[in-house]
Amino acid sequence: MSRYSPADVEPKWQAAWAEAGTFAAERDESRQKYYVLEMFPYPSGRIHIGHTRNYTMGDVVARYKIAQGFNVLHPMGFDAFGLPAENAAMEQGVHPGTWTYQNIADMKAQLQPLGYTHDWSRSFATCDPEYYGQQQALFIDMLDQGLVYRKAAVVNWDPVDLTVLANEQVIDGKGWRSGAPVERKELTQWFFAISDFASDLLDAIDGLDSWPDKVKTMQRNWIGKSRGLKFTWELTEPAAGFDGIEVFTTRPDTLMGANFIGVSPDHPLARALEAGNAELATFNADCRRMGTSQEDLEKAEKVGFDTGLTVRHPLDPDWHLPVWVANFILMDYGTGAIFACPAHDQRDLDFSRKYGLPVVDTFFALDDATPVGDTAFVPPKSEPVRWVNHFAGLDVATGQEAIDTTIAFAEKNGWGEGVTQFRLRDWGISRQRFWGCPIPVVHCDTCGIVAEKKENLPVRLPDDATFDRPGNPLDWHPTWRNTTCPKCGGPALRETDTMDTFVDSSWYFARFTAPRAETPTVMEDAAYWMNVDQYIGGIEHAILHLLYSRFFARAMHICGHLPADATEPFDALFTQGMVVHETYSTPGADGRPVWHLPGNVVRGDDGAALSDGTPVEVGPLIKMSKSKKNVVDPDDIIWTYGADTARWFVLSDSPPERDVEWTASGAEAAFKHLARVYRVAAEIADAPEQGSGDEDLLRAMHKAIHDVTMGIESFGFNAAIAKLYAFANTLAKSKAGRETRAEAMRVMAQLMAPMTPHLSEEIWSMLGGKGLIATAPWPKSDPAYLVEDTVTLPIQVNGKRRSELKVAKDLDKDAIEALVLEDQAVQKALAGGAPKKLIVVPGRIVNVVV
RNA sequence: GCCCGCGUGGUGGAAUGGUAGACACAGGGGACUUAAAAUCCCCAGGCCGGAAGGCCGUGCCGGUUCGAGUCCGGCCGCGGGUACCA
């Protein structure tokens with residue numbers, strides 16, 4: 001009897017699938033389609049175990065759907081533009097394209113042995129000119145439709161390297177290479193008008209029935225619809241050309257508790273006042289000397305500056321409030337100005353205490369007004385609160401009633417307006433970088449900004465750019481910028497901004513439906529294949545990528561590239577957990593950490609070291625990422641045990657949606673199990689024809705069909721595998737006749753085939769299965785085998801299990817009650833008395849309350 | 001800071017509000033073998049007990065319920081996102 005040898009078996013079946021063209025997807029209107037897609041990888045150079053986990057899940061779905069008879073589209077590509085290629089270019093002197101395409105070749109070579117059903121004939125990388133040229137065509141269409149515009153926006157500016165930095169490149173407020181404190185700088189940039197769709201993007205979330213609730217909640221909160229009041233505080237003395245300050249508040253009901261007006265350091269008034277106020281100019285400059293990220297802004301220590309200006313309260317002209325500039329007020333949200341209510345907002349209270357601003361006592365209370373200490377009372381929106389000192393005549397009301405009443409009051413009296421505000425901002429897509437899709441416009445002295453003609457697309461990146469200094473190589477390329485104006489034919493300069501790489505990944509799913517077309521999509525293909533039936537990817541994309549894709553599907557519909565029913569691109573979404581791993585670092589020469597691969601680190605119980613003994617700093621469990629080098633390569637497992645073991649192991653290891661800490665142990669055990677299944681299959685061929693217990697085996701088989709099918713349907717892959725272990729144990733021990741055992745083994749091979757396709761093909765052919773198991777129809781469970789005649793009911797006394805009762809499945813309640821009362825443990829607990837209550841849940845449990 | 005998750009034996013984890021710890025890994029014991037490998041069998045949450053059995057137990061505190069890992073409220077810890085990492 002031969003041993004299970006993946007090195008022989010796996011290439012054989014991969015060749016068989018290729019020869020049969022099993023996984024090439026063709027549009028066929030007579031068949032029902034199924035489109036399964038995993039989020040495509042960034043070509044960092046190596047596949048890591050997180051990718052393996054992601055694609056194996058998708059492959060299980062794809063193979064399961066193929067077995068169910070669907071025409072399955074399962075493509076794969078590369079999200080190939082981005083920063084790491086430029087960093088590599090600077091460090092290694094290699095063109096980003098060379099580096100990227102080499103990585104793609106390496107990763108394809110790693111993916112190929114895993115036996116996935118990916119249709120590589122449809123593959124592309126987003127840095128292919130054929131892809132980004134179509135993206136440029138889309139951009140021009142969107143420009144024509146008024147979905148693109150230019151405005152000023154701030155970026156992180158490295159004053160030493162004279163370059164724009166990504167948030168990731170800002171570490172503790174300093175540039176990652178230069179170490180210089182970053183500044184905020186304003187540039188004119190390109191924007192997509194995603195906020196025009198805020199309302200639709202929000203409302204349509206309700207229709208995403210097969211998306212995880214957590215993702216829908218995050219998207220709702222991100223879009224952030226809120227109703228509030230917009231009104232102006234009139235300055236007591238006009239200043240710097242301003243008569244008043246417009247604010248937006250979601251809590252107008254706290255108006256009577258206002259104690260100061262705060263404006264953002266970037267507010268036009270704050271900027272205008274800088275001219276005559278050197279101290280304020282310094283304060284504002286300090287505020288701007290930090291990263292642009294939301295996290296940095298919100299976590300920074302709250303500081304303020306008193307402008308000396310005052311405003312009048314809208315309800316009492318004699319009530320004057322000071323105007324402060326404060327760093328925690330965001331110019332991007334509302335009007336960039338707020339009024340503070342320290343009694344009912346903790347941040348306002350902290351700020352007021354810090355600067356000694358007088359605090360208006362609480363006027364919402366469960367009782368009378370009480371002085372405010374160090375804790376603000378936030379009036380709940382949904383529960384009634386008693387009001388004190390309120391102007392609108394309300395006594396007891398919920399927060400929401402109070403808000404609505406106040407808005408109505410302001411509108412009636414003409415000093416304010418109820419408005420709906422979204423947190424969602426327009427999408428700035430300009431990047432001052434080389435390795436991205438060039439924005440296809442030119443700047444003409446005569447005509448201004450003009451879109452490139454579509455016949456001139458793609459606007460290609462130059463092959464001869466240099467990367468010997470920071471910044472955007474397109475800016476100092478000797479000739480690339482020079483072009484002619486598409487409108488007047490005169491000399492003009494190309495736009496050197498490239499697009500955010502999120503643009504590339506916002507429509508690739510649509511491109512897969514016609515990947516070689518001369519237009520972004522082909523309507524017939526898009527209409528047939530869209531939507532993606534099952535999308536699978538990391539939870540870290542819950543907001544940005546998924547929201548941008550939803551926006552793009554709408555924009556593409558408006559531009560005539562997608563049908564109306566594809567404006568929600570992903571019918572079902574599954575968010576897998578991330579594979580996390582410790583990080584390992586040693587201090588570098590410049591004080592920044594140098595990261596080390598887990599494979600180069602020897603881990604002890606109380607620390608870790610490099611192989612030469614250098615101690616290593618052990619960091620927390622975080623998602624595997626190239627930049628922190630905490631990645632584990634699946635190749636080792638594949639070389640040692642084969643693809644099926646790797647696939648089986650990443651699925652059995654943990655529930656798919658949960659983060660998983662990678663440990664190497666367990667892969668061997670997975671291999672042992674697969675080898676055992678193979679051995680049992682081989683033994684069955686020599687088994688005696690007659691046996692005993694055939695009925696029991698069939699019962700176990702049908703239960704396995706039922707359980708594994710349910711497991712796959714619900715993404716409970718680890719649970720499905722546990723059922724397969726149990727079925728394997730039963731089958732290995734079964735003394736049933738050869739034919740029954742062979743049937744059971746063939747079914748097991750089918751149930752395992754989505755996870756271990758090569759082994760399953762081998763067993764299938766060994767035991768006389770017809771054709772390829774990959775296309776054999778999925779087995780069906782016979783309900784007659786699933787029903788049990790008797791059932792064991794646990795008996796609880798006061799909720800604690802004390803005994804059990806074996807009864808016929810359909811025994812009625814009264815009969816069960818009678819039997820329960822006869823039970824020894826129950827009698828002991830009752831001590832001659834009667835139970836207070838007897839709860840019988842038929843087929844489930846009995847609880848006796850004494 | 002804000003939004004969203006997660007927390008169960010030594011480990012990964014299972015459990016439509018109904019017997020907590022399925023199925024595995026590591027571990028212990030045994031069989032086979034000259035031996036090893038491979039394979040097979042048995043044990044195993046903690047505490048007390050020879051056993052029968054009892055008590056405790058799903059991050060912490062409280063609540064709802066006949067019954068809570070599961071639902072609700074409040075904490076603690078960890079992770080993801082935070083608009084230029086992808």
Side-chain angles (χ1 to χ4, degrees), chain A residues 3 39 41-42 44 79 81-84 153 155-156 164-170 194 212-215 217-222 224 291-300 302 328 332 347 423-433 500-502 504-505 538-545 547-548 575 577-578 580 620-623 625-627 652-655 657-661 663 665-670 672-673 675-676 679 716 718-719 721-726 729 732 792-804 835-839 841 844-849:
Chain A
R3 280 173 45 116
M39 292 178 187
Y42 177 79
S44 58
D79 187 16
F81 276 134
L83 269 179
V155 294
N156 301 309
V164 176
L165 297 176
N167 284 335
E168 191 188 51
Q169 298 172 316
V170 178
I194 189 173
D213 286 338
K214 61 182 169 185
V215 174
T217 304
M218 281 189 264
Q219 292 223 349
R220 284 192 187 100
N221 291 341
W222 184 261
T292 58
S293 81
Q294 202 75 191
E295 185 189 0
D296 286 347
L297 297 179
E298 299 257 10
K299 281 169 108 168
K302 298 183 183 22
F328 61 87
D332 293 318
R347 193 177 57 182
R423 208 186 76 96
L424 179 67
R425 307 199 300 255
D426 276 341
W427 176 10
I429 60 154
S430 283
R431 297 292 180 270
Q432 293 70 42
R433 286 190 239 295
D500 178 4
T501 57
F502 270 119
D504 314 335
S505 56
I539 183 66
E540 69 269 27
H541 294 295
I543 295 172
L544 293 181
H545 163 62
L547 190 63
Y548 291 152
T575 53
M578 284 166 307
V580 298
L621 294 165
I622 57 172
K623 78 166 167 169
S625 82
K626 185 87 175 169
S627 62
S652 65
D653 202 43
S654 69
E657 68 279 5
R658 199 183 292 184
D659 289 354
V660 56
E661 180 189 358
T663 57
S665 66
E668 190 188 352
K672 280 183 184 174
H673 177 72
R676 178 181 182 225
R679 205 168 49 243
N718 58 325
I721 283 177
K723 304 290 185 187
L724 283 166
Y725 269 106
N729 289 338
T792 303
L793 288 181
I795 299 176
Q796 294 182 335
V797 175
N798 291 336
K800 283 181 191 287
R801 186 183 175 283
R802 281 293 177 266
S803 183
E804 61 182 32
K836 275 190 198 145
K837 206 167 179 182
L838 189 54
I839 293 143
V841 185
R844 273 262 168 237
I845 205 164
V846 176
N847 192 9
V848 184
V849 185

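These numbers come from a predicted model, not from an experiment. Convention: sequence-line order gives letters A, B, ...; per-chain numbering from 1.
Rounded to whole Å, atom P of B/rC23 lies 15 Å from atom CD1 of A/Ile721. A/Glu168 has its CD atom 14 Å from the C1' atom of B/rG81, to the nearest Å.
Listed by chain and residue number, nothing satisfies the side chain to side chain donor-acceptor pair (under 3.5 Å) test with A/Asp79 (two or more places apart in sequence, or in another chain). Every residue two or more places apart in sequence or in another chain that forms a side chain to side chain donor-acceptor pair (under 3.5 Å) with A/Arg676 is listed here: A/Asn729.
No engagement by A/His545 is indicated, since no non-hydrogen atom pair under 4.0 Å with the nucleic acid exists. Residue-level contact check: A/Gly538 touches neither bases nor backbone, having no heavy atom under 4.0 Å from any strand. Residue contacts shown for A/Lys723 are absent, as no nucleic acid heavy atom lies under 4.0 Å away. As judged by a 4.0 angstrom heavy-atom cut-off over every strand, A/Asp332 is placed among residues making no nucleic acid contact. As judged by a 4.0 angstrom heavy-atom cut-off over every strand, A/Val155 is placed among the base-contacting residues.
Side chains of A/Asp296 and A/Ser293: a donor-acceptor N/O pair is present below 3.5 angstrom, by distance only.
Contact between the side-chain N/O atoms of A/Arg220 and the OP1/OP2 oxygens of B/rC3 is not found at any separation under 4.0 Å. For B/rC4, the OP1/OP2 oxygens have a side-chain nitrogen or oxygen of A/Asn221 closer than 4.0 Å. Close to B/rG5, at under 4.0 Å from its OP1 or OP2, lies no side-chain N or O of A/Lys214.
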- Message: Each nucleotide in nucleotides 14-20 of chain B should get exactly one letter: B, S or -. Can you fill that in based on protein heavy atoms under 4.0 Å?
- Response: S-B-BB-
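For the pair A/Ser652 and A/Gln169, both in contact range of RNA chain B, the more 5′-proximal nearest nucleotide belongs to A/Ser652.
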